[in-house]
Amino acid sequence: MAIIGSGPAGVYAADILSKSQKKSDIEFSIDLFDRYPAPFGLIRYGVAPDHPRIKGIIKALHKVMDRGDIRLFGNVDVGTDITLEDLRRHYDAVIFATGAIKDAGLAIPGIELEGSFGAADFVSWYDGHPDYPRQWPLEAEKVAVIGNGNVALDVARVLSKHATDMLSTEIPDNVYQGLASSPVTDVHIFGRRGPAQVKFTPLELRELAHSRDVDIVLDEQDFEFDEASDEAIKSNNQVKTMVNTLANWLVEQEERTEEASRRLHMHFLHQPVEILEGTGDQAGKVAGVRFERMELDGAGGVRGTGEFLDYECHAVYRAVGYFGSPVDGVPFDERRGVIVNEAGRVLQDGEHIPGTYATGWIKRGPVGLIGHTKGDALETIGCLLEDVHHLPVAEDPREDAVVELLESRGVEFTTWDGWLQLDEHEVRLGEEATASGPVERERVKVVPREEMVRISRAVQATV
Ligand SMILES: Cc1cc2nc3c(=O)[nH]c(=O)nc-3n(C[C@H](O)[C@H](O)[C@H](O)COP(=O)(O)OP(=O)(O)OC[C@H]3O[C@@H](n4cnc5c(N)ncnc54)[C@H](O)[C@@H]3O)c2cc1C
């Protein structure tokens, strides 16, 4: 079995598949491929560095991989280094767990201006993604973040936090230097709908208040609820908790006696309509954002009021969702950014392509927490096990065959042993930074792909 993607969905699928052998008479060998030299997908390259508890989920996935019954082939891009045809020759089934790494689009005028960014690109930068530039232009004092989900919160929190308060995390030096040079004073988060319709989760929202020397600023006007909001607050505990959190901040704001040096403003009922361009030597650059003021429509939605408001800012981040990428030869739904599937079985013209499956974000769309990918994997592997006696038989299923193929193509793949070495190296860098710096650091990430590959392959035993 080949699983493409070593994010949580891929590792959970491998784990469930491996354990299912005990319950049946079938023996599998499972290979996990990833285009990155290191495993764990968005846990490494999406989850914010100041979320060590969430990053800690890696420990559970690490245990699965450390059992030794699942092989890892990192630094292998499926579609480039190895094709679907190759995989079919060597495996009876292929499971795509390729997730998402790109931003969904936001089609408003001015989105292409200099200073207009996708949140996913910024996340990749601060999480030390090997394929993104090392420098990020943090030059704006006033910044807008468009979106009302957890990624918008992450981006706004990282932008507004003082860099020294990020130093204890695994951020690479270039990210610390970049954040430390930021002149930011005001970060504005804008949501289209009301406080009772946000897509945040309570824990992530509450965390905003933990940033030192950052005031949260709200507008009382946004807190006039309609019947649908009242109903949502009454019937949904998460909504109730979040609205209470926001309402408490509103009270605290009125009682505040000292001002912080940075502010995080939260605006609701603001629909972005245009990113405004500067004039003179600021032509081509972001100068602000125009919003239409929205109002609650009584039915859980919003409608425009015809009132337009301009906010000055010199950088805009759109955090309006991630979007999956297609893999060559695999049917892709361009509208939803997912592999076409039913319960994880990949479909072509409504028919299951034998031996082809999908799981995680690329199966369901880029929403939900890491834990949800376990449910995805259970469903997908359940389907595979139902089909197991009818899978197409691989022409050359020898375990060595794929190694020979990758070597013959000069692909510098990394393995689980290689990851252990890189992991140890990053922890050692953390110890060195702790010894010479002001705070304790558990790890410092290695960013350049060549360096990750070099460190991993230096000790790599055979797979
Ligand atoms: C910014 C951000 C912050 C988040 N924070 C949290 C949080 O705090 N808590 C939480 O529970 N969840 C969080 N999530 C959600 C969580 O990251 C996802 O639920 C989860 O990672 C989805 O898992 P996945 O395995 O489907 O995809 P991914 O994690 O995206 O993994 C997909 C893997 O497939 C690989 N891949 C893709 N294409 C190919 C190819 N062609 N060849 C080889 N390999 C390929 C990728 O390299 C990647 O490693 C966050 C998500 C984002 C974007």
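Both ligands and their constituent atoms are indexed starting at 1 by order of listing. Just so you know, these numbers use all the heavy atoms, side chains as well, and skip hydrogens, waters and symmetry mates. In this chain, numbering begins with 1 at the start of the sequence shown.
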Compute the shortest N/O to N/O distance between L42 and ligand 1 and return yes if it is under 3.5 Å, no if not. yes
Residue-ligand contact I101/ligand 1, heavy atom below 4.0 Å: no
Polar atom proximity, V78 to ligand 1 (N or O, under 3.5 Å): yes
Contact between ligand 1 and V151 is defined here as a heavy atom of the residue under 4.0 Å from a ligand atom; is it met? yes
State the atoms of ligand 1, each with its element, that fall below the 4.0 Å cut-off from a heavy-atom position in T373. 22 (C), 23 (O)
Within the structure, does I362 bring an N/O atom to less than 3.5 angstrom of an N/O atom in ligand 1? no
Can A97 be said to touch ligand 1, with heavy atoms closer than 4.0 Å? yes
Looking at G41, which atoms of ligand 1 are within less than 4.0 Å of one of its heavy atoms? 29 (O), 31 (O), 48 (C), 49 (O)
Are Y357 and F96 close enough that their ring centres sit under 6.0 Å apart? no
Check ion pair E424-R443 (N to O, under 4.0 angstrom): no
Could you tell me whether some N/O pair between W361 and ligand 1 is separated by less than 3.5 angstrom? yes
Compare A358, A9, S6 and give the one whose heavy atom is closest to atom 24 (P) of ligand 1. A9
Short N-O contact, E426 and R441, less than 4.0 angstrom: no
With R409, which residues qualify under salt bridge (Lys or Arg N to Asp or Glu O under 4.0 Å), at least two apart? D86
Side chain or backbone, does T359 bring an N or O within less than 3.5 Å of an N or O on ligand 1? no
Donor-acceptor pair, distance only, cut-off 3.5 Å: does the side chain of R35 make one with the backbone of G74? no
Salt-bridge present (D127, K55; N to O < 4.0 Å): yes
Counting both backbone and side chain atoms, is some N or O of G368 under 3.5 Å from an N or O of ligand 1? yes
Testing V184, V286, L138 one by one against V143 for a side chain to side chain contact (heavy atoms under 4.5 Å, CB included), which residue passes? V184
